[in-house]
Amino acid sequence: MEVTIQLDPAHTPLELFGSADSHLRLLRRSLGVQITARQTNLIITGQERNVNTAAGIIDKMQKHLIKHGSLNSADVAFLLADYESPETDQTSEALTVYSHKKVIEPTTKGQLKYIETMLANDLTFCIGPAGTGKTYLAVAVAVSMLKKKQVRKIVLARPAVEAGEKLGFLPGDLQAKVNPYLRPLFDALADMMTFPQMRKFMELDIIEIIPLAFMRGRTLNEAVVICDEAQNTSPLQMLMVLTRLGRGSKMIVTGDITQIDLAANQKSGMVEAIEKLRRIKGIGTVELTRVDIVRHRLVQSIVRAYRKKTKTET
């Protein structure tokens with residue numbers, strides 16, 4: 001069997017291969033494979049199982065370089081032993097994004113379950129309070145899949161529902177009016193790629209960040225579709241969004257059902273969808289809690305205090 005791996009251009013051969021190719025020689029001896037470097041590619045040949053193991057370890061070596069900025073023979077030996085261990089949890093590996101400064105990793109059990117659910121299902125609902133990483137991790141999964149060429153497009157959408165404010169009073173044209181609602185999606189993307197790269201992807205229509213209403217009438221194939229702040233969708237809007245899912249696509253619907261800005265007599269489309277679709281195969285639901293909050297330590301205390309106040313009033 002032969003496999004070709006494209007190397008990350010951010011790293012020099014010396015960083016990845018080691019002095020005098022010591023890292024590659026360790027893999028060759030341990031796994032009984034042939035590894036040949038050709039420009040920005042590595043060609044691995046040998047028995048199928050060993051080739052796949054070597055490819056997986058080289059992928060982890062590149063991720064280790066991104067995260068730590070260095071790689072030595074001890075690191076490679078550890079990765080080799082860890083990869084061959086039957087107890088290794090492959091689902092917890094970091095999500096690689098376009099930024100060479102970082103990788104995205106879950107920091108709580110709830111976040112790990114969220115990533116596993118997104119990767120395992122074509123449609124995932126995630127509810128939870130502010131600061132739990134609902135939007136951020138969804139964008140990370142989307143960007144990681146785009147980088148791996150598992151999808152051709154990312155669509156990020158939010159309903160433009162006012163939290164006690166009116167769009168008409170905001171200055172500027174329609175784009176200027178809706179930009180404040182879409183800002184959190186821009187912020188998440190900006191943490192995973194450079195601004196010129198993000199602008200290029202948007203110009204090429206590879207990444208779309210749009211108000212929810214702009215999705216009507218479309219079929220989105222080979223895409224990751226993220227519907228953020230979905231607690232503020234009506235049942236009809238949610239049905240419209242869910243039926244945009246096309247061939248080879250994945251959809252992630254996120255929201256905080258304790259912060260619904262709809263009229264008091266209007267039911268949240270997200271709440272209704274979770275109730276109706278919970279038992280359908282291929283649809284996953286994750287509920288993050290305040291223990292999954294990863295923002296400033298005070299955010300957990302704030303969420304807890306408001307929850308206690310709400311229970312007292314009721």
### Query
Okay, side chain of Lys134, backbone of Pro129: is any donor-acceptor separation there less than 3.5 Å?
yes
### Query
What do you reckon, is CG of Leu204 surrounded by more than 12 foreign heavy atoms closer than 6.0 Å?
yes
### Message
Does any part of the side chain of Ile226, heavy atoms only, come nearer than 4.5 Å to the side chain of Val139, both counted from C-beta?
### Response
yes
### Message
Just to verify, what does Glu287 make a salt bridge (charged side-chain N to carboxylate O under 4.0 Å, His left out) with, not counting sequence neighbours?
### Response
none
### Message
If the condition is salt bridge (charged side-chain N to carboxylate O under 4.0 Å, His left out), which residues does Glu275 pass it with, not counting sequence neighbours?
### Response
Lys267
### Message
Contact between Cys126 and Leu288 at the side-chain level, heavy atoms closer than 4.5 Å - yes or no?
### Response
yes
### Message
With a 3.5 Å distance limit and no angle check, can you tell me whether Lys63 reaches the backbone of Thr96 through a side-chain donor-acceptor pair?
### Response
no
### Residue pairs, two or more places apart or on separate chains, that pass ring pair (Phe, Tyr, Trp, His ring centres under 6.0 Å) and touch residues 20-66
His64-His68
### Message
According to side chain to side chain contact (heavy atoms under 4.5 Å, CB included), who are the partners of Arg199, at least two apart in sequence or on a separate chain?
### Response
Phe195, Glu203
### Message
Main chain of Met251, side chain of Arg244: is a donor-acceptor contact present, judged purely on distance under 3.5 Å?
### Response
no
### Message
Would you say that Gln47 contacts Asn50 through its side chain, given a criterion of any heavy-atom pair below 4.5 Å between the two side chains?
### Response
yes
### Query
Among the clusters formed by ILVMFWY side chains lying less than 4.5 Å apart, do Leu239 and Val271 turn up in the same one?
no
### Message
Given 3.5 Å as the limit, does a donor-acceptor pair link the side chain of Asp122 with the main chain of Lys250, or not?
### Response
no
### Message
Between Ile43 and Leu31, is there shared hydrophobic-cluster membership here, with clusters defined by ILVMFWY side-chain heavy atoms closer than 4.5 Å?
### Response
no
### Main-chain N/O of Asp261 paired with Asn232 side-chain donor or acceptor, under 3.5 Å
yes
### Task
Please assess Asp59 against Met61 for the test side chain to side chain contact (heavy atoms under 4.5 Å, CB included), listing each intermediate value before the final yes or no.
CA-CA 5 Å; Asp59 180 54; Met61 288 164 60; over 6 Å; no
### Message
Do Asp187 and Tyr136 pair up side chain to side chain, a donor and an acceptor below 3.5 Å, judged on atom types alone?
### Response
no
### Query
Leu242 and Val253: side chain to side chain contact (heavy atoms under 4.5 Å, CB included), yes or no, with the steps?
CA-CA 9 Å; Leu242 296 177; Val253 181; 4.3 Å; yes
### Task
Determine yes or no for a side-chain-to-main-chain donor-acceptor pair under 3.5 angstrom, with Glu222 supplying the side chain and Arg152 the backbone.
no
### Task
Grab the two heavy atoms, one from Ser268 and one from Gln231, that are nearest each other, plus how far apart they are.
OG-O, 2.9 Å
### Message
Could you tell me if the side chain of Phe201 sits less than 4.5 Å from the side chain of Leu189, heavy atoms only?
### Response
no
#### Entry: Note, Ile209 side chain near Phe186 side chain (heavy atom, < 4.5 Å)
yes
### Task
Look at the side-chain heavy atoms of Ile, Leu, Val, Met, Phe, Trp and Tyr, link any pair under 4.5 Å apart, and say whether Ile127 and Ile280 land in one connected group.
yes
### Message
Can you give me the closest heavy-atom contact between Ile293 and Thr132, atom names plus distance?
### Response
CG1-CG2, 3.7 Å
### Query
What do the steps show when you test Tyr98 against Thr194 for side chain to side chain contact (heavy atoms under 4.5 Å, CB included), and what is the final call?
CA-CA 8 Å; Tyr98 286 91; Thr194 64; over 6 Å; no
### Message
Please check this pair: side chain of Asn121 against backbone of Thr117, looking for a donor-acceptor N/O pair closer than 3.5 Å.
### Response
yes
### Query
Do Glu229 and Pro159 have side-chain heavy atoms sitting under 4.5 Å apart?
yes
### Query
Would a distance-only check, ignoring hydrogens and angles, find a side-chain to backbone donor-acceptor pair under 3.5 Å from Lys153 to Ile206?
no
### Message
Same cluster or not: Leu14 versus Leu42, using hydrophobic residues (I, L, V, M, F, W, Y) connected whenever any side-chain heavy atoms lie under 4.5 Å apart?
### Response
no
### Message
Looking at Leu26, is its backbone amide N or carbonyl O close enough to the side chain of Ser30 to form a donor-acceptor pair, meaning the two atoms are under 3.5 Å apart?
### Response
yes
### Task
Mind checking side chain to side chain donor-acceptor pair (under 3.5 Å) for Thr124 and listing every partner two or more places apart, or none if nothing turns up?
none
### Query
side-chain contact (heavy atoms from CB on, under 4.5 Å) with Leu27: which of Leu79, Val76, Thr53?
Val76
#### Entry: Nearest heavy-atom neighbours spanning Ser249 and Leu220
OG-O, 2.6 Å
### CA sep, side-chain torsions, deciding dist, call: Met145, Lys148, side chain to side chain contact (heavy atoms under 4.5 Å, CB included)
CA-CA 5 Å; Met145 291 183 69; Lys148 294 177 182 177; 5.8 Å; no
### Task
For the pair Asn52 (side chain) and Glu48 (backbone), establish whether a donor and an acceptor sit closer than 3.5 Å, ignoring hydrogens and angles.
yes
### Message
Taking side chain to side chain contact (heavy atoms under 4.5 Å, CB included) as the definition, give me every residue that meets it alongside Asn72, ordered by chain and number, with sequence neighbours left out.
### Response
Ala74, Asp75
### Task
Please determine, by modelled atom types, if Asp228 and Thr254 share a side-chain donor-acceptor pair under 3.5 angstrom.
yes
### Task
Would you indicate whether the side-chain heavy atoms of Asn41 and Ile5 approach each other to under 4.5 Å?
no
### Query
With a 4.5 Å heavy-atom cut-off, do Gln34 and Ile44 have their side chains touching?
no
